[in-house]
Amino acid sequence: MNKKLIIPIVICTIIIIAVISTCIGGGSKIKLTWDAVPAPKEIKDSIELKVYVENSGSMDAYMCAGSNLKDAVFDYVSDLKRLTTSCSLYYINSKVIPFTGDLNTYIKNLTPQSFAKAGGNRTNTDLRQIFDTIVKANGKQTVSVFISDCILDIPQNAIDFLGNYQISIKNTFYEALAENPELGVEIIKLDSKFNGFWFCGHNREFLKDVKRPYYIWVIGNQRFLAEFNQKVPVENIIGGIKEYCAYAAPQKIPFDMSRSTYVTNHSGKIHVELLVNLRGSLQSSNLYKNIAQYKSANPQQVAVASVEEIIAADSPYSHVVTLEISNPETIKSETVYFSYPYLATWISNSDDTTGQNVKENLDKTTGLMALIKGVAEAYRNSTTYGSVSFELRNK
């Protein structure tokens with residue numbers, strides 16, 4: 001063949017191969033290395049469950065016929081009881097009042113008459129004292145459940161009242177964290193039929209056949225609470241829940257990778273799948289899926305593309321976090337942080353600061369912000385729950 005023809009043909013062939021190679025993504029290989037963090041094993045510890053129902057006068061109206069509260073508490077505590085080795089039942093106001101019967105009798109006796117017979121100061125409940133009592137009795141092997149309307153009795157001269165309340169709650173949980181750094185707190189908002197008097201300080205109002213909020217607080221080692229949530233999701237409480245938030249101390253996030261080697265395509269991007277277990281943070285399923293809760297150490301090149309729940313019951317991981325990494329050959333390492341809100345938005349929407357006009361604020365709770373913000377302050381340095389890290393290099 002004529003040499004003058006051969007040279008152009010060879011050149012064209014090389015160009016075509018190069019174009020095809022570019023189009024099909026024959027990029028460089030990127031090798032990822034990481035130190036996997038093992039997922040926690042199933043808990044075999046002995047766990048004591050303590051259940052407290054506030055029996056102040058303001059709780060009487062929840063104990064009417066058709067009360068949603070009774071069903072929800074019975075349902076949830078019954079399920080938790082099966083995961084623990086012992087269950088102690090109490091009424092609580094100015095003092096702790098042990099109940100000697102079983103759970104069925106306890107629920108049956110959630111009546112205004114039984115509340116009054118149990119005794120204690122049912123007129124003015126100091127929730128600062130109640131939380132201090134519950135938390136100090138909450139040993140490292142204990143999970144405490146507290147049911148209350150969480151209304152603060154605001155006095156007429158209330159300039160410093162809410163601020164002092166918040167500080168007291170903060171101190172209680174701050175001291176508890178010093179004793180048990182793995183202490184977790186869950187706050188569940190529910191509502192129930194309410195038929196009777198609403199009280200707040202010196203104010204009172206008769207309400208008939210309305211719905212009013214109440215709260216279930218769950219306090220204990222966050223490993224215990226995480227396992228409870230996996231086996232008894234709070235979203236499944238009979239009648240449903242209205243809102244949820246939780247606080248947990250920072251921990252190493254258990255994680256692994258789906259694979260270690262990636263090839264960059266023609267756009268210079270790779271998608272990396274992280275297998276993570278976020279249950280220890282105690283957050284809601286919706287929060288886990290919110291990509292705004294994840295931050296990258298290289299935000300210009302790394303983005304969270306998606307977060308998907310792992311539904312396999314036997315999986316040691318809870319979610320798959322998919323990262324989109326641009327120009328990975330220019331990054332030596334990456335760290336992804338998971339955080340939760342200091343204060344969920346629903347808290348301010350559920351808060352009342354006046355203790356008046358309850359008919360215009362049926363879905364609000366007087367002083368709720370002071371209570372939960374006190375807890376939030378104790379966990380202020382914990383809202384970045386943890387991180388996962390890995391390194392990248394050209395292979």
Side-chain angles (χ1 to χ4, degrees), residues 47-56 58-59 88 90-98 120-121 124-155 158 160-189 201 214-225 244-251 281-282 340-344 347-348 350-351 353 365-383 385:
I47 304 174
E48 179 186 15
L49 181 66
K50 292 183 176 181
V51 181
Y52 304 84
V53 172
E54 182 191 347
N55 70 322
S56 66
S58 66
M59 291 289 288
S88 301
Y90 305 92
Y91 299 128
I92 190 168
N93 48 61
S94 60
K95 62 181 181 179
V96 178
I97 305 159
N121 182 356
N124 299 108
T125 301
D126 189 339
L127 285 168
R128 292 168 294 192
Q129 177 186 341
I130 285 180
F131 277 109
D132 192 61
T133 299
I134 291 174
V135 170
K136 284 182 177 175
N138 197 91
K140 291 187 177 181
Q141 301 301 120
T142 304
V143 171
S144 297
V145 176
F146 172 51
I147 299 98
S148 168
D149 60 3
C150 289
I151 292 176
L152 305 193
D153 291 329
I154 295 181
D160 300 319
F161 178 78
L162 293 176
N164 288 340
Y165 232 102
Q166 177 183 312
I167 294 168
S168 293
I169 297 295
K170 178 192 74 172
N171 290 342
T172 291
F173 282 93
Y174 190 81
E175 291 168 8
L177 280 167
E179 291 289 325
N180 180 10
E182 293 186 341
L183 186 74
V185 182
E186 299 176 330
I187 304 161
I188 311 163
K189 179 182 178 182
Y214 71 98
Y215 303 85
I216 297 178
W217 293 61
V218 188
I219 303 167
N221 186 297
Q222 60 201 64
R223 291 192 308 113
F224 299 164
L225 303 192
Y244 174 90
C245 68
Y247 293 90
Q251 302 289 326
S281 69
L282 310 180
Y340 59 84
Y342 167 72
L343 278 174
I347 298 167
S348 59
S350 301
D351 182 52
T353 59
T365 300
T366 303
L368 181 69
M369 175 68 81
L371 283 179
I372 300 182
K373 196 171 183 180
V375 179
E377 282 293 296
Y379 284 86
R380 173 176 282 278
N381 297 324
S382 302
T383 54
Y385 171 69

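Worth knowing before you read on, the calculation uses all heavy atoms, side chains too, and leaves out hydrogens, waters and symmetry mates. Source: prediction; values computed, not measured.
Pairs engaging residues 126-145 under the ring-ring contact (aromatic ring centres under 6.0 Å, His included) rule: F131-F146, F131-W217 [sequence neighbours left out].
Listed here is the closest heavy atom pair of L282 and Y244: O-OH, 2.5 Å. Contact detail for A378 and L177: the closest heavy-atom pair is O-CD1, 3.6 Å. Contact detail for Q222 and P181: the closest heavy-atom pair is OE1-O, 4.4 Å. Nearest heavy atom pair, residue L183 against residue A176, reads CD2-CB, 3.7 Å. The minimum heavy-atom distance linking E48 with S88 is given by the pair OE2-OG, 3.8 Å.
Take A376 and apply the side-chain contact (heavy atoms from CB on, under 4.5 Å) test, not counting sequence neighbours, and it matches Y247, Y342, L343. In this view, Y174 satisfies the side chain to side chain donor-acceptor pair (under 3.5 Å) rule with no residue, not counting sequence neighbours.
No side-chain donor-acceptor contact under 3.5 Å links E182 to the backbone of A249.
Summarising the geometry, atom CD1 belonging to I134 is positioned 12.0 Å from atom OG1 belonging to T142; distances are rounded to the nearest 0.5 Å. To the nearest 0.5 angstrom, T365 atom OG1 is 11.5 Å from I347 atom CD1. A distance of 8.5 Å separates OH of Y340 from OG of S281, quoted to the nearest 0.5 Å. How far NZ of K50 is from CD1 of I219: 11.5 Å, rounded to the nearest 0.5 Å. Rounding to the nearest 0.5 angstrom, the gap separating the CD1 atom in I47 from the NZ atom in K140 is 15.0 Å. Summarising the geometry, atom CZ belonging to F161 is positioned 7.0 Å from atom CG belonging to D153; distances are rounded to the nearest 0.5 Å.
A salt bridge links D132 with K136; the closest basic N to acidic carboxylate O contact falls under 4.0 Å.
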Using the rule given for side chain to side chain donor-acceptor pair (under 3.5 Å), can you reason through Q251 versus Y385, listing the C-alpha separation, both sets of side-chain angles and the distance that settles it, and then say yes or no?
CA-CA 6 Å; Q251 302 289 326; Y385 171 69; 5.7 Å; no
Check step by step if side-chain contact (heavy atoms from CB on, under 4.5 Å) holds for Y165 and D160.
CA-CA 9 Å; Y165 232 102; D160 300 319; over 6 Å; no
Checking side-chain contact (heavy atoms from CB on, under 4.5 Å) for the pair I187/I372: CA distance, chi angles, key distance, verdict?
CA-CA 8 Å; I187 304 161; I372 300 182; 4.0 Å; yes
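A donor-acceptor contact under 3.5 angstrom links the side chains of D149 and S58, judged on distance only. Counting only N and O atoms by type, the side chains of E54 and T125 include a donor and acceptor under 3.5 Å apart.
F224 is listed as a side-chain neighbour of Q141, based on a closest heavy-atom distance under 4.5 Å. Taking the side chain as every heavy atom from C-beta outward, N55 and M59 never approach each other to under 4.5 Å. Using a 4.5 Å heavy-atom threshold, the side chains of V218 and L225 count as touching. Annotation: side chain of T172 is not in contact with side chain of R128 (no heavy-atom distance under 4.5 Å). At least one side-chain heavy atom of I167 sits under 4.5 Å from a side-chain heavy atom of N171. Under the 4.5 Å side-chain criterion, counting only non-hydrogen atoms from C-beta, Y90 is not in contact with I97. Counting heavy atoms from C-beta on, the side chains of T353 and D351 come closer than 4.5 Å. The closest side-chain heavy-atom distance from L49 to V145 is below 4.5 Å.
Partner of Y215 under the side chain to side chain contact (heavy atoms under 4.5 Å, CB included) criterion, chosen from L371, L368, I147: L368.
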